[in-house]
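When reading the values below, keep in mind they use all heavy atoms of this one structure, side chains included, and skip hydrogens, waters and symmetry mates. Chain naming here is simple, since letters A, B, ... match the order of the sequence lines and numbering starts at 1 in each.
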Amino acid sequence: MGTERKRKVSLFDVVDETSVSAKIAKSNGIGATMNNTNSSINGWNGKPYSQRYFEILEKRKTLPVWHQKDEFLQVLKANQVVILVGETGSGKTTQIPQFVLEGVDIETPDRRRKMMVACTQPRRVAAMSVSRRVAEEMDVTIGEEVGYSIRFEDCSSARTVLKYLTDGMLLREAMTDPLLERYKVIILDEAHERTLATDVLFGLLKEVLKNRPDLKLVVMSATLEAEKFQGYFNSAPLMKVPGRLHPVEIFYTQEPERDYLEAAIRTVVQIHLCEPLGDILVFLTGEEEIEDACRKINKEVSNLGDQVGPVKAVPLYSTLPPAMQQKIFEPAPPSLTEGGPPGRKIVVSTNIAETSLTIDGIVYVIDPGFAKQKVYNPRVRVESLLVSPISKASAHQRSGRAGRTQPGKCFRLYTEKSFHNDLQPQTYPEILRSNLANTVLTLKKLGIDDLVHFDFMDPPAPETLMRALEVLNYLGALDDEGNLTDLGEKMSEFPLDPQMSKMLVESPKYNCSNEILSISSMLSVKGVKCLGCHQQLSCLGSMPPAGMHHRILIPNCFVRPREAQKAADEAKARFGHIDGDHLTLLNVYHAYKQNNEDPTWCYENFVNHRALKSADNVRQQLVRIMTRFNLKLCSTDFNSRDYYVNIRKAMLSGYFMQVAHLERTGHYLTVKDNQVVHLHPSNCLDHKPEWVIYNEYVLTSRNFIRTVTDVRGEWLIDVAPHYYDLTNFPQCEAKRVLEKLYRKREKDRENRK
DNA sequence: GAGCACTGC
């Protein structure tokens, strides 16, 4: 205990910088080489430094983190794990990895190859853009000494010494390289976001560090949670880097607000009337609410007459197409009259503006204190979205958005008392809010056998883990002892849910892996709903003219513009397969390929070209994995009666736990769980099948099952007899039907004899 | 006859 305390304190002691850097330079190969060679030559690629390098270097020297370089390297040298806390603007994401490269010896006995430094990011765009920036700072070509790796794109080479990658990607790498032996230092950035992948990496790295004394870990985080990290990593030293944000004044309401939407709009108008120039950022929970608020804001302000400056309220949410998202970067509208009051831009956004997207020029933030958050109910195995209060950390992050370019103000639409008493300190980490079937499969593949004693920073509910183990056991990925089976090994390699991976691995047995690949890919692309005209969506046209926004719906890949609903429905009907939505998706994919992936064809047929292109991309990745396992790519003859039957049976091999039965009352009940569900109205069935297989269960205005296909009761007992074992089945109508089917099967067998 | 916080492999 005494030594730990001493170690922590020493971090904040004044360090004699010259002696430290001298020691560091002496103690390692790279730093020494770089210091000793002519400073006009880049030690990484042997080329002379460009003029730009020195220009950027001057800017780098002004970053807060720059002044703690020697201190950081000293701490890193003395410890295996270092926790670094730095607020926005400290420069930690770009600079710390470069410091590491200077201070740590990455040479290997094989002089031709060096070890790497990895820096993880929760988002792809960040991995890409930060690595580009750092390559520029180091004056090297992106993809050479500095690279990045994200799904579908590995921009790195044998020369790469610093690699930015998504946290999910590092986890994938760990599956083939369990000790992460290519890396000398791993930096987990944005650790406070606590993504599922980061949380799994925490536990995994804690194990790996024991077996790799030469490996070092740097955990970088933005907020208060640092002490929790410190506790988790055996009192690793903590270093703090100041941020560079302007001060933000916080205001609370005197009384709780009954209607936060109304209060938010009222606050926007008040700011606009009373506060100096500067743009406003409003946080709301979802698309519908955001569009509504934008309309109301624009209307209310224009009703105030021309004594008041004009406003432009722009929506921002992830499913808005990129071209529409660009609108948030347009300048505020000019004053209506010469010398009249100036205009103001108002961005109304979901949580996307909290972390993923930064908008400069925001001076005012309005925070009603809510966000839609994923919750998982292990009992019914359903994930759903709930509007719930945000955490203190989240509120802090939101207010910080007001101080990026100048001092700002944040209006919290709740009382100060409520902030202190009601808000949780941190957002519940994702691992506590998710279905963990896929995570458990990954952990098993990573060699973690004892999940109960795995060192999670926040252990998930035992019931969630039990559910995950149960699902994987039913799927045959784990045996009864909980060990990974050969099937499970293969399944874990697919970047998909276990049900879908199982269906893919089994599909050659049903002689339809080509078709199952297409369906899986189509199911993997998310729907895009957006505003704008049809032209724009089809990727053919440009932005719609101002004021010409129509509401458009695209479930999965289908486009349905409000002004052409009938034509769109007719187009969809042409692809429709009466036996179900999965088969309809297959038809769309086939038609897309037959028409040479032509965007014009997509436009004419009301399908989203972008979605199909991305499905095709996913498909190629899945094909590569199938080929690696020697899983046959095959199809049943299209003219055979079994063509669709085989596909539907193959689907059941993975989704036999997602089946609903039509009761005599006319309602569907999910099998075993006996939940009342309704076919989602987007389905293309022309009848109500007795048994349906569904892709997802969504809780919205009612319990819906979405993307459904007709299956036969007989297939259930053929494909998944272990799950449809009636000795372990709740009393219900479905059970009685299945009993009959089993009896019929018995009789048939006797007759044949 | 309805509706999608945000990521990631």
- Just how far, in rounded Å, is P of dC4(B) from CG of N351(A)? 16 Å
- Nearest-nucleotide comparison on DNA chain B, the residue closer to the 5′ end among Q621(A) and R433(A): R433(A)
- Separation of M500(A) atom CE from dC9(B) atom C1', in whole Å? 13 Å
- Message: Between C1' on dC6(B) and OH on Y428(A), what's the gap in Å once rounded to a whole number?
- Response: 20 Å
- Task: Assign F704(A) to base, sugar-phosphate, or nothing according to its heavy-atom contacts below 4.0 angstrom with the strands shown.
- Result: sugar-phosphate
- Nearest to the side chain of R123(A), which nucleotide is it out of dA2(B), dC9(B), dG8(B)? dG8(B)
- Between dA2(B), dC6(B), dA5(B), spot the one nearest the side chain of Y317(A), thanks. dC6(B)
- Selected nucleotide, minimal atom distance to E287(A) side chain, candidates dC4(B), dG8(B), dC6(B): dC4(B)
- Residue-phosphate contact under 4.0 Å: T166(A) side-chain N/O, dG8(B) OP1/OP2: no
- Of the non-hydrogen atoms in E190(A) and T93(A), which two are nearest, and what is the gap between them? OE2-OG1, 4.4 Å
- Select one nucleotide: of dT7(B), dC9(B), dA5(B), the one nearest the side-chain heavy atoms of K374(A). dA5(B)
- Query: Checking all strands, does L171(A) fall into the base, sugar-phosphate, or nothing category for heavy-atom contacts under 4.0 angstrom?
  - Reply: nothing
- Task: Report yes if at least one side-chain N or O of R151(A) is closer than 4.0 Å to OP1 or OP2 of dT7(B); otherwise report no.
- Result: no
- Taking for each residue the nucleotide of DNA chain B with the nearest heavy atom, is it L316(A) or R172(A) whose nucleotide lies nearer the 5' end? L316(A)
- For L165(A) and dC9(B), give me the distance from atom CG to atom P, rounded to whole Å. 9 Å
- Item | Residues in side-chain contact (heavy atoms from CB on, under 4.5 Å) contact with T427(A), at least two apart in sequence or another chain | Q373(A), S391(A), S394(A), R433(A)
- Item | Interatomic distance, N438(A) CG vs dC9(B) P [rounded to whole Å] | 13 Å
- Would you please indicate if the ring centroids of F229(A) and F202(A) are separated by under 6.0 Å? yes
- Task: Find the distance L170(A):CG to dT7(B):P and express it as a whole number of Å.
- Result: 21 Å
- Query: F419(A) vs Y414(A) aromatic rings, parallel, tilted or perpendicular, using cut-offs 30° and 60°?
  - Reply: parallel
- Over how many whole Å does the gap from L196(A) atom CG to dT7(B) atom P extend? 15 Å
- Atom CZ of F629(A) with >12 non-hydrogen neighbours under 6.0 angstrom: yes
- Query: Among the nucleotides dC4(B), dC9(B), dG1(B), which one has an atom lying closest to any side-chain atom of R706(A)?
  - Reply: dC4(B)
- Query: Is any side-chain N or O of T442(A) closer than 4.0 Å to OP1 or OP2 of dC9(B)?
  - Reply: no
- Rounded to the Å, how far apart are F494(A) CZ and dG8(B) C1'? 18 Å
